Amino acid sequence: GFIFQVTSFQGVAIRSLSTSSPHDHPEHGRLVYKGNLAKAVLGVKFFSYSTSIFNLFMMPYIMLKSGIGVESLLVQAAFYGLIGIFTFVTPVTLHILTKGYVIRLYYKDEVDTYTAITYNAILAEKVTVFHQKDVKIPDITKMFTTFYAKTKSMLVNPTLFPNPQDYNHLMGYDKSSFFKFEDLEEVKEADER
């Protein structure tokens, strides 16, 4: 199995010249999934980053005007701590929680590979290519992880796959090693007899 990651910047000029949908990428294969929270994730991260930048620029001004620079060390530490939480901790936490959110997922039938598009730390689209056999399902249900593509956690909403068979194949549910619900019922009936 193989996995590699590339960061792609899609220019507005290139997108406007194209007559096809901005999500058509034949090199990635067939579009099998589109996350409905992509704009919300991008918006929240952008707002968080812009607030952090604003805080960094305003901090010296606030300190100068409020006279907090001449106050006690404890007041300064509390002030810097509070600003630090909003400036650094919030964007980092948001990125950790949303970095695996799949915006779009493509599938190439002939090579059985997937291309997942996610957002990276600088809000650019990040491409991760992985083979179906690289997909691992977590033993315990995790809040922000549906599956792992090798070690990278990915989050998808199963109900947003237009074709449920695409989700089943991604997760490996269509393999013979998995029991179907009907098979489990037959085994149960046989045990009862």
Side-chain angles (χ1 to χ4, degrees), residues 2-59 82-108 113-132 134-138 141-164 166-171:
F2 60 92
I3 188 166
F4 67 99
Q5 298 169 347
V6 188
T7 302
S8 69
F9 293 89
Q10 295 179 340
V12 177
I14 295 167
R15 200 178 281 178
S16 63
L17 289 172
S18 173
T19 54
S20 63
S21 163
H23 306 313
D24 286 345
H25 291 280
E27 72 276 13
H28 295 329
R30 174 174 58 91
L31 181 67
V32 293
Y33 172 85
K34 196 173 160 192
N36 62 350
L37 294 177
K39 284 183 180 170
V41 167
L42 186 65
V44 166
K45 286 176 91 168
F46 180 77
F47 177 74
S48 175
Y49 287 5
S50 58
T51 304
S52 295
I53 292 165
F54 178 76
N55 284 347
L56 283 174
F57 282 110
M58 288 303 290
M59 201 184 313
L82 189 64
I83 294 294
I85 287 170
F86 290 109
T87 306
F88 302 108
V89 177
T90 305
V92 168
T93 305
L94 266 174
H95 174 65
I96 290 166
L97 296 178
T98 61
K99 69 180 180 178
Y101 183 76
V102 178
I103 308 163
R104 296 185 306 280
L105 186 68
Y106 298 89
Y107 177 63
K108 268 193 179 171
T113 58
Y114 289 90
T115 301
I117 312 293
T118 55
Y119 287 125
N120 67 10
I122 58 167
L123 306 181
E125 290 188 356
K126 180 178 176 180
V127 177
T128 304
V129 178
F130 58 96
H131 198 279
Q132 196 286 321
D134 296 329
V135 173
K136 305 275 182 286
I137 302 165
T141 305
K142 298 198 173 176
M143 193 177 288
F144 296 100
T145 304
T146 309
F147 66 93
Y148 291 99
K150 283 202 172 173
T151 57
K152 187 172 167 54
S153 69
M154 298 279 181
L155 177 67
V156 294
N157 181 344
T159 62
L160 295 180
F161 281 81
N163 181 357
D166 286 328
Y167 175 74
N168 288 339
H169 183 69
L170 168 71
M171 301 297 279

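If you're wondering where the values come from, they're calculated on a predicted model, not measured in any experiment. When reading the values below, keep in mind they use all heavy atoms of this one structure, side chains included, and skip hydrogens, waters and symmetry mates. We're numbering straight along the sequence, starting at 1.
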Item to complete: Dump the intermediate steps for side-chain contact (heavy atoms from CB on, under 4.5 Å) on L105 and F161, then the final yes or no.
Response: CA-CA 10 Å; L105 186 68; F161 281 81; 4.1 Å; yes

- [ ] List the steps, then state whether side-chain contact (heavy atoms from CB on, under 4.5 Å) holds for L123 with F46.
- [x] CA-CA 8 Å; L123 306 181; F46 180 77; 4.0 Å; yes

Query raised in the report: Please walk me through it: do Y106 and I117 pass side-chain contact (heavy atoms from CB on, under 4.5 Å)?
Result: CA-CA 8 Å; Y106 298 89; I117 312 293; 3.8 Å; yes

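Remark: N120 CG to K45 NZ distance equals 7.0 Å, nearest 0.5 Å. To the nearest 0.5 Å, atoms CG (N36) and OG1 (T159) are separated by 7.5 Å. Note: M154 CE to K99 NZ = 10.5 Å, rounded to the nearest 0.5 Å. Rounding to the nearest 0.5 angstrom, the gap separating the CG atom in D134 from the OG1 atom in T128 is 11.5 Å. Atoms CD and NZ, on E27 and K108 in that order, are 7.5 Å from each other to the nearest 0.5 Å. Note that the CD atom of E125 and the CG atom of L42 stand 9.0 Å from one another [nearest 0.5 Å].
For the pair T51 (side chain) and F47 (backbone), a donor-acceptor distance under 3.5 Å is present. Under the 3.5 Å distance criterion, the side-chain polar atoms of Y101 are left unmatched by any main-chain donor or acceptor of F144.
The two residues P91 and S52 have their closest heavy-atom pair at CG-OG, 3.2 Å. In this structure, V32 and P162 approach most closely via the heavy-atom pair O-CD, 3.3 Å.
Shown are V102, T118, T146; of these, the side-chain contact (heavy atoms from CB on, under 4.5 Å) with L155 is made only by T146. Tested against Y114 for a ring pair (Phe, Tyr, Trp, His ring centres under 6.0 Å), the candidates Y33, F147, F130 yield a single pass: F130.
Take N163 and apply the side-chain hydrogen bond (donor to acceptor under 3.5 Å, both in side chains) test, not counting sequence neighbours, and it matches no residue. Qualifying ring pair (Phe, Tyr, Trp, His ring centres under 6.0 Å) partners for H169, counting only residues two or more places apart in sequence or in other chains: Y107. By the side-chain hydrogen bond (donor to acceptor under 3.5 Å, both in side chains) test, K142 is found to be paired with Y148, residues two or more places apart in sequence or in another chain being considered.
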